[in-house]
Structure formats: structure tokens, C-alpha cells
Amino acid sequence: MEAKLEGKRWSKDFEEPIRAEWKKNKVYAFVPDAKKPVFSIDTPPPYVNAPIHIGHATVYTIMDIIARFRRMTGFNVLFPIGLDRNGLPIEIATERKFNIKLSETPREKFIEFCKKTLDESSTESLHSLYMLGHSYCSWELGKTPGSMYYTDSDDYRQMTQETFIDLWNKGLIYLDERVNNFCPSCKTTIADSEIDYKEYPTMFSEVRFKIKGTSEYATIATTRPELLCSCAILLFNPEDERYKHLEGKTAIVPIFGQEVPIKAHPYAKMDAGTGLMMMASFGDYTDIRFFRENNLEPIIAIGADGKMNEKAGPLKGLTVGDARKKVLELLREEGALGEQEKLMHRTPVCERCKTPIEFIAMPEYYLKQLDMKDEIRDVSKKISFYAPESKRILDNWIDTISMDWAISRRRYYATELPIWYCENCGEVIVPPKGKYYRPWKENPPIEKCPKCGGTKFKGDERVFDTWFDSSISPLYVLNYPHDKGFFENSFPCSLRPQGKEIVRTWLYYTVLRCYQLTGKPVFQDTWIHYHVVDEKGNKFSKSAGNAIDPMEIIDKYGAEPFRLWAVLEGDITRIDLRCSFERIEGASKFLTKLWNVSRFVSMFPQDADGYELTPSDRWILGEMDKLARYAKEHFYEYDFHEPVQMIKHFIWETFASHYIEMAKNRAYNQNGDFSEQEQKGALYTLHTVLKTILKIMAPVTPFITQKIYRDVYGGDIHKKAFPEGSEDEPELPFSKDDVISFNSAIWKAKKDNGLSLKNPVKKVVAPKNLEILEKELKLMHGIEEMEFGEELSITL
RNA sequence: GGGCUCUUGGUCUAGUGGUUAUGACGCUGCCCUCACACGGCAGAGGUCCUGGGUUCAAUUCCCAGAGAGCCCACCA
């Protein structure tokens, strides 16, 4: 009797040969097969960021579990890995890494530096995913379904541009003014995430406005007097008795003379300044929002050069700082300046040069979405959400959208807008589809302007918002650019996994864009996950210093305990998972248990002919079938936590502790207490249960189940069908709890009396419904005399 | 400030209008039992956030409050 498994425990060293084989033999390659339905997973491309975030490692692992499960249930699984490599974070990482500035580096050069940054971190990220045992269809870039892809490839960018061209032709894109953050020192627009806040001393000045038609004055307080020329309205709090009488009256702006209404609005705080505030375009974000929400026409007084323009009258040509000094002088001369107070002001500044930023209106391209809110609400109803409650994150977001989507950015490392302008007449030229365009360094595909016949063109220098690229990943995954037939047959995409914090961007934009392009819901299902946080419930982040590199975990424990932890720890569609080395180590104990149960079973031959099942066999097989049915049902709904927890419990608390202990004597049958048929019944049952639980666990723990299955039974477990679980419930007079409580009582009695478990028991009166198990129970516990009645009694 | 979510032993968590409120980790004590000491057994530990309401009965349903988290917006 020798176990077919060596060693007392699972070792992480068993993983690498298995992993390497999967990759080398392209075991999970996508091969089109008309007989099998396609299950496609639009793996949101993880933003290239090395080392990968522990949360990424976790959710991509759960996606892998989903993919592996679906393969075992007969789907042809399309599970590509893509890397999102466009956008601001890459640029910032590059600036830091090479100590350069985007605004001072030639575009071509800057892009080269970005590529260097990307190549290094992409390699590292992919290695981590490989180590985790993920079964992506391919680890190589390519154009066939299932290939790995980069969102900054010419191919992907071409698709992005083509969808823009389609939307342009549909009339869904338009040009309008948008307020950008502008750094007057860097002379460039900067993104919201490049803004810092700093406390700066500033002068809080009272300014007196004349009330039209009266001799009264209204006094406001402001830190931005240079913006008086763009003042559009005065506000006071609706609760503020001091100003109620001004409601509906008109004030005259000093120096500039424009007439502005006075209104009650909760934005005005009674205890701030005089309680009366001016709303100008634009001093800060509140102003921008207020103008937008109230449909006020902004007066833009600061130009793209950071200087006051003609709207600022006497301040024209001055920088903001100089204009402020000058306007205060003018106000003083006019007698409109009241008290002044120095205060610290939290000012938005450019992250790099610390210069206070200005808000400057610039023309930008917009994608229409406001008119479509109802339609988007309707298509999103056709997408199933897991967990269902998560749908409201999307619904709430759609409710709050108040403007169209500005899609152009003044940046370098992203997809270029495919637009040229005729230098003669200004005609906007959008090229035909079929090529990846770089208008900032290329000529348009036409010789003459279709409108005026001019021959000189200027390429647009802007790029798209990163979401404009990533929101079409399902189209790319379904091979939209290369094989329209495959695309048509496979649409919609089966599943989008998605972090809850980016439902409002990634998921929303994907649903919007794909609806605009196809008129249909893009996904069948979407799986919304929460976060992985540290032991105390705090976010993991590099800046907080608590980040864990998944490679650390893999080096220490291997991938398998981590994979198991990811589903055992909790249901990530409902709660944040708390991650710690301790908990992952805890998960590895179950692997040891599974290993040893398998080792025990593997000692016995699997000669199935002529077996006879005893009641205990039928009982455990029934329990196992119940569990298999439960697991399959729940796995289909992306619920792995509950079933895996139940399987763990089943293996540990039921199968190992009770069934194996009961069946042991029969399996060995050293004294010939049982017939050969009964002995074979035990062997059949042990192997059947083991094979079944290995298959159920295979998607979650692909390494250990592969290794055990191969060593004991031969063959690739991942190519087997997922267990169905028979519907036939065995009819038995006893339940699981009856068995467990009987055995526990005997063990406890021996323990309490300081006896070894091997010690025989003189007499036991057991519950009547266990009579059917008499022989096995007697041998298991060494019971000399056994009777059955109402009450349990044990005589040692 | 707006929206959403949450609050259950030391920690994390399940769950319920009605006996004794689930499990895990941790803690304490005991035990080599022929697959497993990375194992087994036993034990301690709770005002189910606070206040009010509905009800024969509330940890559960309703209202208010406090606290936490997330997303959005951020002080003229």
C-alpha cells in the first residue's frame, strides 16, 4: 500500500512545471469551434503599473477562475489579456523616471521615453500574472481572437480613431468651449490629477457694488477681484436675513459697470466674508459648476497665455497677479474698496512648479451623451449585474450626468484625434477609415481642401481622453477590427469584470460608446467587485507605504494559497477583502489537508468492478452530489465564495473526519470483516468523492488539483467536465448531523476519561436510526457491545 | 457640502420579526489517533452602534442621531 503522492504536503515548487507547460504548449489558446458556444471575457486591461496592485492580482485571479470554470462546462472561452498603456499616468511616470518635462520635450522624443517606461513595467506586470497561474488564451501580441493586446498599439489606436470617425459621421461629436486647468508658468493645460493644493496667503477684499435704482450698496468679499469683469451674479444664502431685501435687485459692478442680478443661493455661506459673494467665471471649481448648472454664459477674461484679455478692460495684458494689484488700486480710487483681511487660502497649484493654476476656456471636442441618458438606462437594464445591487452605481451616475463628454486632451501619449484643418479656410478634415493617423506629424490623406481647394493643412495636436480608448476594449476583444464575421457572431461580450469605483467611467463609457456604435447592450453580464484592503481596512497604496507586491506572496507561499484565499476570504462583490500574509498562510492549510486526504485515497486501488455500496457510501456520495449541484449553480453566477467554503468544510469536517474514519477499516479490510464487494464499495466511493472534489476545486486551485489528478488518475483535470451532481437523493434513516454527533460523543467520552482513541468501548446504546451503520461504527470506535434505543449511552 | 453603502464576541464576518445569534482568525487548556501536529479535541468570549416608533414580540421593519468607508464636489 503506497500513496501515489509523495511528501506530507503541497509544495509551491510543484507549481512552476505546471505553469510552464500551460504556457509552452499554449494549452488555453482560443481555437474557433462552431460546436461550442463562445464565452468571452472583456478583461479590462490593467493599467500598466509595476508591481501590479494586490487588488489587481486578486480580481484577475477570480476572472481566471471564471474562465477555467466555463471551460469545464463546455464553453469555448475567449480570455485575452490586454494592457492599457495610454494616458497620463504613463506620462507622469516617464517624467519622473527620466527627469524630463512634457512641455519642454519634443513630442517624438517624449513618446520614445514613454515607450521605454512601458516596456519595462509591462514585462514585470505580465510576469506576475503568469506566476498567478492565469489561463489567458495567449501571452503573445497578435491579431487573432485571444491574442494579447496593448491599447497603444497602432492597431488598437486605429480602431479608436475609426470609432471616432464613425461617431463624427453620425453627428455625435461637436466642438465647444471647455474650461481647462492652465498652468501659466508651464504654459500648458494640466490634468485634474496633476493639481496640488497649497495654502497661500491672500488678500480677502471687500468690494462695494451699487444697487441699481437705489442709493444702497452691497458689499461682497473676494480673493479674486481681478475677475470682477467676469462677475455674472451676486449670491447670498437663502437663510440670511441681512440680504433678503436684495433678492431680485440688480447690482452694478464697479469699474466695469456691467449689471448683475442678486439671488439667494445655498452656495453662499452666511459666515464667510460679508455673506454676500460674487460668482465670476472662473475663480475656482465651484464657479465652474455653478455656471454649468445654472446655464450662465461665462465671460472668459484670462487668455491662453495666462494674461488678462480685452474683456478685462483696463487690466488687459497684465498677468493675473499684476491685474489683482492694479484692480485693487482702481477700486480704492473709486472708493469701492472696503476692508481688507489677510488670510490663508487653499489654492489649486500646478503639481510640478507650484504656480497657482488658472481656469481657461478652450475649444474642445465633445461626444454627445446628454440626449441619450434614457436610452443608456434602457440598454443597461439588459445587462445582468453581479451582484444585482451594484447596478445602482451605474444608475446613480447616469442620473447625475449634466454635460456632454469632453473627449480631447492636450497631451502626448494617447491616441491622436484624426483631424486636420485647412490653413486657408479652416475647414475641418476628418479622414476616411483604414489607417492609424498621427496628424501632428503627418499630412492628411488628401491633396486639396474639398471646400476651398487649399493645399496647406494643419494637423490637430490633441489626443483622446484615455476612457475613449479603453471604453471599446470589448470590440477589440471580439476582434472587431480584423474579423467582422467573428465579431457579429460573438457579440455581445459575455462578461465585463469591473471595479466598483470605475463603474461611472469605464463601464458607463463602454456601454455608451458601444451602444452608439452598435445600438445594442455590449455585455451580457457584468461582475462588479469591491476592493482588497489591508488588515485594518485601509486602502493599499504606494504612497501610504502599505502596498504588497503580489510577487512577495508568490515567493513565500506560491500562487495556490493566494488563489484560494481570494475566494475563501469573502465575497468580493459585496465586501472589501482584507488581505494579510497571515490569512493567505491560513488558506494554505487547506491545501495541506486536501493533499493528505488525496494521499490517503491514492493508497487504494480503484478497481470498480463488482462493488457494493453500503449506507455510509450512499450517504457521502449523496452529500457530495448535493455539493456539486450547489457549486455548479453558484459558479455560474460568479459566486465562488460560498461553494468553496462549503467544499472546504465538506472535505475537512465531513469527508475526512467522519466518512474516511468510518470507511477505513472496510477499505483496508485486514481482518476480512467485510466482503470483497463491500471493500470495493469503499474504494469506489473514496475515489469518486476525491475525483469530484478535485474537479470542483480545479478552477480555483488549478495547480494542486492538476498535480493530484495527474499523479493519481492520469490526464488533464482542466479538460474534464465539471461535475453535475446526481439529482437522486439517497434514502437513509440518518442525517449528516446524526453521524457527526454520534462520533463526536464517543471521541469526547474517551478524551474526557483520558483514554486513547484506540481504546475499546465496552458498550454503547446508540440512536435507532444508526443501526444501519452498526458494523462500521463498531469497528471504527472499537465498540464491544452495541445496542440501539432512544438515548445515547456510552460505557467505557 | 451632495450621493451611495455600512455598523453583530478582541478582530473579521453569516444570518433572522419568535427557543440557546453563524462561522473564521486569535486566545486558553488537553492530546502523536496506522493520510495529515501546517493535525485533532474541548473551552472562554456578544447591551447584535445610540435613541424613539410599529408589534403580543425588534438584532431584524420604520424614523432620527452618532460613527466609518467609497464616489463626486471642495470653500468667495
Side-chain angles (χ1 to χ4, degrees), chain A residues 1 3 5 7-10 192 197 202 204-207 220-225 227 231 234-235 266-269 271-280 283-290 293 343 345-348 389-390 392-393 395-397 399-400 499-505 530-531 533 535-539 557 561 568-571 574-578 580 582-583 585-604 641-642 645 648-649 652-653 656-657 660-661 664-665 667-668 670 686 744 747-748 750-752 754-759 782:
Chain A
M1 296 279 258
L5 300 174
K8 282 189 172 183
R9 57 194 64 107
W10 168 254
D192 290 352
Y197 286 86
T202 186
F204 196 43
S205 311
E206 292 185 357
V207 178
I220 63 127
T222 181
T223 55
R224 302 295 305 266
L227 291 176
C231 172
L234 298 188
L235 303 176
Y267 270 164
K269 298 284 173 275
D271 53 357
T274 59
L276 197 60
M277 69 180 282
M278 78 166 180
M279 190 55 78
D284 60 51
Y285 293 101
T286 318
D287 301 354
I288 295 171
R289 199 167 114 213
F290 186 88
E293 285 172 8
L343 53 75
H345 185 232
R346 190 160 173 262
T347 313
E389 308 87 88
S390 296
R392 68 169 169 247
I393 303 174
D395 290 339
N396 290 346
W397 174 245
D399 288 345
T400 58
K500 70 164 183 172
E501 83 288 3
I502 49 177
V503 164
R504 46 163 274 275
T505 46
Y530 282 49
H531 299 296
V533 296
E535 300 141 284
K536 290 178 195 130
N538 299 317
K539 261 189 180 176
Y557 308 108
L568 275 181
E569 187 64 31
D571 179 354
R574 290 168 205 280
I575 53 163
D576 289 342
L577 298 192
R578 301 202 176 200
S580 68
E582 250 182 343
R583 307 284 295 164
E585 199 174 344
S588 71
K589 289 191 179 180
F590 174 57
L591 299 177
T592 308
K593 192 72 185 180
L594 179 62
W595 182 260
N596 280 296
V597 166
S598 306
R599 202 154 72 93
F600 173 76
V601 175
S602 78
M603 290 195 307
F604 299 98
H641 173 64
E642 279 289 323
Q645 217 170 27
K648 176 188 165 191
H649 207 257
W652 213 312
E653 311 298 336
S657 299
I660 287 183
E661 294 305 328
K664 220 177 226 178
N665 287 296
Y668 285 115
Q670 279 155 334
L686 287 169
S744 303
W747 288 328
K748 184 164 165 36
K750 289 185 180 178
K751 212 77 312 146
D752 288 349
L755 299 172
S756 144
L757 290 186
K758 281 191 283 192
N759 210 72

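Side chains are part of it too, since the values below use all heavy atoms of this structure and drop only hydrogens, waters and symmetry mates. Just so we're on the same page: letters track the sequence lines, and every chain starts at 1.
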### Query
If the sugar-phosphate is the primed atoms plus P, OP1 and OP2 and the base is the rest, what is the B/S/- string for nucleotides 34-46 of chain B, using protein heavy atoms under 4.0 Å?
BBBSBSSS-----
### Message
Just the rounded figure in Å: distance from P of rC6(B) to NE2 of His531(A).
### Response
15 Å
### Task
For Tyr530(A), report the nucleic acid contact type (base, sugar-phosphate, nothing); a contact means any heavy atom under 4.0 Å.
nothing
### Summary
Here the distance between atom C1' of rC70(B) and atom CG of Asp576(A), to the nearest Å, is 8 Å
### Message
Rounded to whole Å, please give me the gap between CD in Gln645(A) and C1' in rU22(B).
### Response
11 Å
### Query
Is there a donor-acceptor pair under 3.5 Å between the side chain of Thr222(A) and the backbone N or O of Ser205(A)?
no
### Message
In whole Å, I'd like the distance from the NE2 atom of His649(A) to the P atom of rA14(B).
### Response
17 Å
### Query
How would you list, by chain and number, every residue that makes a ring-ring contact (aromatic ring centres under 6.0 Å, His included) with Tyr530(A), sequence neighbours excluded?
none
### Query
Looking only at atom types and distance, does a side-chain atom of Trp595(A) sit under 3.5 Å from a main-chain N or O of Gly7(A), one as donor and one as acceptor?
yes
### Message
Using only atom types and a distance under 3.5 Å, with no angle test, would you say the side chain of Lys750(A) pairs donor to acceptor with the backbone of Leu755(A)?
### Response
no
### Task
Compare side-chain N and O positions of Arg504(A) against OP1 and OP2 of rC72(B) and report whether any pair is under 4.0 Å apart.
yes
### Message
What does the 5'-to-3' dot-bracket notation of RNA chain B look like when only Watson-Crick and G-U wobble pairs under 3.5 Å count, and pairs to other strands show as |?
### Response
(((((((..(((.....[....))).(((((.......))))).....(((((..]....))))))))))))....
### Query
On a whole-Å scale, what distance lies between the P atoms belonging to rG52(B) and rG46(B)?
24 Å
